[in-house]
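Given the structure is predicted, the values throughout are model-derived calculations rather than measurements.
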Amino acid sequence: MADRIFPVKELIDRYLDAYNARDIDALMAAVATDDSLIVYGTDEGENWHGWRAFSRVTEKLFHAVEEIRWERGEPKVSFSADGNIAWFAEELVGRFMVLGVEHRSPIRFSGVAENRGGEWKIVQIHRSVAVEGVTVPYLESHGVRFD
């Protein structure tokens, strides 16, 4: 099992390291660079379909920040029965340096990777910032209970 997980964990490392280095070419090596790539974030406008759309906004981010660093958790990885699809999730803390000021944010990072001809590529990404006191109180006010 560990042998099967290693390439996907390595892929996740390469993806996150590309942000640390603010290196679009390294990011390109980790994700699908065709129209199959789907990326979602927290905000309403954070949805990109295809490499071209995602790479444009990512390059803007790379130029807007002075530094990106991740405090990592341990990724959880699962596989399809045939072993060619993997899905993963990890809790991160993002540290972003902008105009000399560090901003920190807890980030939920999950995605889907596909083995394409012996090479793993991330094909779907979801990054979101956990918020407190929004969804659960709203649902509870409408009769949904979590206790």
Ring pair (Phe, Tyr, Trp, His ring centres under 6.0 Å) with Phe109: which residues, sequence neighbours excluded? Tyr15, Phe88

Does Arg52, at its CZ atom, have more than 12 non-hydrogen atoms belonging to other residues, nucleotides or ligands within less than 6.0 Å? no

Euclidean distance, Asn115 CG relative to Arg4 CZ, rounded to 0.5 Å: 11.5 Å

Salt bridge (charged side-chain N to carboxylate O under 4.0 Å, His left out) filter on Asp13, not counting sequence neighbours, yields Arg72

Of all heavy-atom pairs linking Gly41 and His126, the shortest is O-NE2, 4.2 Å

Shared hydrophobic cluster for Leu61 and Leu99 (ILVMFWY, side-chain gaps under 4.5 Å): yes

On a heavy-atom basis, the closest approach of Trp87 and Ser80 is CZ3-N, 3.5 Å

Tell me, yes or no, whether the heavy-atom count around Arg22 atom CZ, taken from other residues, nucleotides or ligands under 6.0 Å, exceeds 12. yes

Got Val31 and Val39 here, is their nearest side-chain heavy-atom distance under 4.5 Å? no

Take Lys76 and Glu91 through the salt bridge (Lys or Arg N to Asp or Glu O under 4.0 Å) test and state the conclusion after the steps. CA-CA 10 Å; Lys76 309 291 187 252; Glu91 299 278 337; over 6 Å; no

What are the two closest heavy atoms between Val77 and Ala86, and how far apart are they? CG1-CB, 4.3 Å

Do Ile85 and Ile125 land in one hydrophobic cluster if side-chain heavy atoms of ILVMFWY residues count as linked below 4.5 Å? no

Give the cluster check for Phe54 versus Val112: same hydrophobic cluster or not, with ILVMFWY residues linked at side-chain heavy-atom distances below 4.5 Å. no

Look up atom CG in Asp17 and atom CD in Glu10, then write down how far apart they are to the nearest 0.5 Å. 10.0 Å

Spell out, as yes or no, whether a donor-acceptor pair under 3.5 Å connects the side chain of Glu46 to the backbone of Thr42. yes

Nearest heavy-atom approach of Leu92 to Gly73 is CD2-N, 4.5 Å

Would you check, one step at a time, whether the test side-chain contact (heavy atoms from CB on, under 4.5 Å) holds for Arg69 with Asn20? CA-CA 5 Å; Arg69 290 285 174 245; Asn20 290 345; 2.9 Å; yes

Give a yes or no on whether Val98 and Val93 share a hydrophobic cluster (residues Ile, Leu, Val, Met, Phe, Trp, Tyr; joining criterion: side-chain heavy atoms under 4.5 Å apart). no

Return the CG to OG distance between Asp43 and Ser128, rounded to the nearest 0.5 Å. 10.5 Å

Set of salt bridge (charged side-chain N to carboxylate O under 4.0 Å, His left out) partners for Glu66, sequence neighbours left out: none

Quick check: closest heavy atoms across Tyr19 and Arg127, and the distance to 0.1 Å? OH-NH1, 2.7 Å

At what distance, to the nearest 0.5 angstrom, does OG of Ser110 lie from CD of Gln124? 7.5 Å

Work out which heavy atom in Leu11 is nearest to a heavy atom in Ala113; give both atom names and the distance. CD2-CB, 3.8 Å

Close side-chain approach of Leu16 to Ile12, heavy-atom, < 4.5 Å: yes

Answer with yes or no whether the hydrophobic clustering places Val123 together with Ile24; edges join I, L, V, M, F, W, Y residues whose side-chain heavy atoms lie under 4.5 Å apart. no

Please lay out, stage by stage, how Thr58 and Trp48 fare under the test side-chain contact (heavy atoms from CB on, under 4.5 Å). CA-CA 10 Å; Thr58 303; Trp48 303 281; over 6 Å; no

Could you check whether any side-chain heavy atom of His49 comes within less than 4.5 Å of a side-chain heavy atom of Tyr40, counting everything from C-beta outward? yes

Rounded to the nearest 0.5 Å, how far does OG of Ser36 lie from CH2 of Trp51? 12.0 Å

Audit row: Arg56, Lys60, side-chain contact (heavy atoms from CB on, under 4.5 Å) steps and yes/no: CA-CA 6 Å; Arg56 278 193 304 265; Lys60 287 180 183 178; 5.6 Å; no

So CD of Glu102 and CD of Glu67: to nearest 0.5 Å the spacing works out to 7.5 Å

Salt bridge (Lys or Arg N to Asp or Glu O under 4.0 Å), that's the test. Do Asp34 and Lys121 meet it? Break it down for me. CA-CA 11 Å; Asp34 57 22; Lys121 294 287 184 173; over 6 Å; no

